[in-house]
Amino acid sequence: MANSSNNEIWAQCLDILSKEIETTLYNASIRHLKLVDLTEDTAYLTVADDISFIVNPILSKYFSNIANALIEVTGNSYNVKVLSVSEYEKLKKDKEEKSPVPPDYFKSHLNPKYTFDSFITGSCNQMAYAAAVAVASSPGASYNPLFIYGNSGLGKTHLMVAIGNYIAENFKDKKVLYVTTETFTNEYIAAIQHRTTDDFRNKYRKIDVLLIDDIQFISRAERTQEEFFNTFNDLHEEGKQIVVTCDRPLTELTVIEDRLRTRLAWGLIADVQAPDYETKVAILNKKASDQDFTVENDILDYIAHYTGENIRELEGVINHLAMNVKQGREMSIAIAEQAVKHISMTKEKPSVTVSIILDAVSKFFDVSIEDITSTKRNAKFTFPRHVAMFLCRSITSMSYPEIGEAFGGRDHTSVMHAFNKITEQLENKPELKNALEEIRNNILR
């Protein structure tokens, strides 16, 4: 059956031909034709079997008119072939039998680590996740197509591939294909160059689930968009599931034609937003667990606050920490700071100074900064002083002498004593650990 695109082309051709050919002859021949396919060099037109013997003798003198009309409408030159409907169906069947699809055409290209179980949900992605699960549970029956959009690195590809993995696992008879838009474009260009467009179409139109990533990169070339448009139509008409991702809302996707944009809006549009603090911490915990180590809450808090929105950044930080663990280093804020500074961040990390630490300790213990930095030996002041020195050494890159100087010109051995004392108490005083965690949170925020 001719797709709507071919109908549009042929309608324009008929308009041209009706003005060139005498009305009686036009009505007896041209108006009975349908454009059913355009390959790289041939235009296939069909006529009903019961009138083909009448129409064909008249048509033979108008092939050049038809070819010229096609050039005017499409800009391309085609050989014209007119067949009866039954002849065309037989030709299609013979081609399919002679040109079997290579086995590797149906490789899914799914990354096995991208599953629903490994996807961390939060308020930022709950709708997209629910839609993905619904699509995976009944492919082609709901939300078709599913259009998922959001900035780079927020988990769109993870969700899309999770759909594919779930369907491949639970619907063994369905062929699933994940492909980037760039790959689709490059394969189509190669098919044109090597005259293998039939193989290309067999690949993309004989699958049950098409997962196409980063539609914003689709070529502006008319023929590429035409091919994707026709592929979309064929799959959708047959109830095959289509999932598309994009880095921007559909309304801002100016690279595609309006008719394709309209079709992408037929199903459901769901966005994936930047993860909030709680989701980032959950992601960090999951990725650390996947590498068989744990990260203390104060370090997780630090990373969550000083990394950007991109989930790949979080994975990069965890990989850095994992490397340090494997090398026998003890986890610390300092190591986390080194990991964070190596990635591209959207939130600039403020410099933690002695004054910021003193302010946080002063407020927590309800004593003045002057008393903390004084020479008073009352326990009410010495304990907060030791905590402040410990935090200066833990959070900043200051040396013991530099910290001593900041605390009223004390000797560096006094700072070392304070640091060691708090370290020892942390081993058997959980309340101190909680207090330090809260103070750190206040400082790092």
Side-chain angles (χ1 to χ4, degrees), residues 1-10 35-46 67 70-71 73-81 83 88-110 145 160 164 174-238 240-246 255-257 259-260 263-264:
M1 182 173 71
N3 59 49
S4 59
S5 173
N6 287 335
N7 285 338
E8 292 167 6
I9 293 171
W10 188 236
L35 177 64
V36 291
D37 193 18
L38 289 173
T39 67
E40 55 264 38
D41 58 4
T42 305
Y44 290 94
L45 298 104
T46 60
L70 285 166
I71 291 173
V73 172
T74 67
N76 297 313
S77 177
Y78 296 98
N79 297 318
V80 176
K81 284 194 176 183
L83 305 169
Y88 178 69
E89 292 299 328
K90 183 177 184 303
L91 178 67
K92 276 178 56 178
K93 184 177 179 181
D94 289 345
K95 279 187 177 181
E96 290 174 1
E97 290 176 353
K98 291 177 182 177
S99 303
V101 180
D104 63 346
Y105 261 30
F106 288 130
K107 285 184 179 177
S108 294
H109 306 296
L110 298 171
M160 169 184 275
K174 293 192 180 296
K175 295 184 177 70
V176 181
L177 176 65
Y178 164 82
V179 66
T180 65
T181 304
E182 182 180 12
T183 297
F184 178 92
T185 301
N186 291 340
E187 286 184 2
Y188 181 59
I189 292 171
I192 293 174
Q193 292 173 342
H194 297 100
R195 297 183 178 273
T196 56
T197 52
D198 286 341
D199 286 345
F200 176 88
R201 287 166 185 158
N202 280 339
K203 171 180 179 177
Y204 283 96
R205 301 185 193 185
K206 290 188 175 181
I207 55 176
D208 301 292
V209 181
L210 175 62
L211 312 170
I212 187 152
D213 210 358
D214 290 325
I215 194 66
Q216 72 273 8
F217 292 130
I218 193 167
S219 169
R220 288 182 180 270
E222 183 179 343
R223 290 189 68 177
T224 302
Q225 292 210 22
E226 177 89 12
E227 186 61 34
F228 181 74
F229 178 83
N230 293 335
T231 298
F232 181 102
N233 279 349
D234 282 2
L235 293 176
H236 195 273
E237 286 174 7
E238 294 180 21
K240 306 300 178 65
Q241 181 66 53
I242 304 164
V243 184
V244 179
T245 69
C246 186
V255 70
I256 64 173
E257 299 175 0
R259 60 178 183 163
L260 180 53
R263 280 160 173 74
L264 291 174

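Because the structure is a prediction, the values reported are computed rather than measured.
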So, does Thr181 use its side chain to make a donor-acceptor pair with the main chain of Ile218 at under 3.5 Å?
no
Residues passing the salt bridge (charged side-chain N to carboxylate O under 4.0 Å, His left out) test with Asp208, sequence neighbours excluded, are Lys240
*asked:* If you apply the rule side-chain hydrogen bond (donor to acceptor under 3.5 Å, both in side chains), what do you find for Asn233 with Arg263, and how did you get there?
replied: CA-CA 9 Å; Asn233 279 349; Arg263 280 160 173 74; 2.8 Å; yes
Does any part of the side chain of Asn230, heavy atoms only, come nearer than 4.5 Å to the side chain of Arg201, both counted from C-beta? no
- Query: Would Asp234 and Tyr204 count as a side chain to side chain contact (heavy atoms under 4.5 Å, CB included) if you check the C-alpha gap in whole Å, the side-chain angles of each, and the deciding distance to 0.1 Å?
  - Reply: CA-CA 10 Å; Asp234 282 2; Tyr204 283 96; over 6 Å; no
Across all chains, not counting sequence neighbours, the side-chain hydrogen bond (donor to acceptor under 3.5 Å, both in side chains) partners of Thr197 are Glu40
- Query: Side-chain contact, heavy-atom cut-off 4.5 Å: Ile9 with Leu70?
  - Reply: yes
To the nearest 0.5 Å, atom CD of Glu187 lies from atom CD of Glu182 at 11.0 Å
In this structure, CG of Asp198 is separated from NZ of Lys92 (nearest 0.5 Å) by 10.5 Å
Practice item. Would you check if the distance from the ring center of Phe184 to the ring center of Phe200 is below 6.0 Å? Key: yes
Is the closest basic N to carboxylate O distance between Glu226 and Arg259 below 4.0 Å?
-> yes
The residue among Val176, Val179, Val244, Val243 that forms side-chain contact (heavy atoms from CB on, under 4.5 Å) with Leu210 is Val179
Next item on the list: Could you tell me whether a side-chain N or O of His194 sits under 3.5 Å from a main-chain N or O of Ala190, the two making a donor and an acceptor?
Entry: yes
(Q) So that I can tick it off, tell me whether Arg205 and Glu227 are bridged by a salt bridge, with the cut-off set at under 4.0 angstrom between side-chain N and carboxylate O. (A) yes
Q. So do the side chains of Phe228 and Ile256 get within less than 4.5 Å of each other, counting heavy atoms only?
A. no
Using side-chain heavy atoms (C-beta onward) and a distance below 4.5 Å, is Leu110 in contact with Leu211? yes
How about Lys81: does its NZ atom have over 12 heavy atoms from other parts shown lying under 6.0 Å from it?
no
Output for pair (Tyr78 OH, Ile71 CD1), nearest 0.5 Å, gives 10.0 Å
If we ignore hydrogens and angles and just use 3.5 Å, is the side chain of Asp213 paired with the main-chain N or O of Thr245 as donor and acceptor?
no
Value for CG (Leu83) from OH (Tyr44), rounded to nearest 0.5 Å, stands at 7.5 Å
Note: Val255 and Gln225 closest approach over all heavy atoms is O-NE2, 2.8 Å
Rounding to 0.5 Å, atoms CD1 (Ile192) and OG1 (Thr39) come to a distance of 11.0 Å
One should read off an interatomic distance between Ile212 CD1 and Ile242 CD1, to the nearest 0.5 angstrom, of 9.5 Å
When every non-hydrogen atom of Leu35 is compared with those of Ala43, the smallest separation belongs to CD1-CB, 4.2 Å
* Sub-4.5 Å side-chain heavy-atom contact between Asn6 and Leu38 -> yes
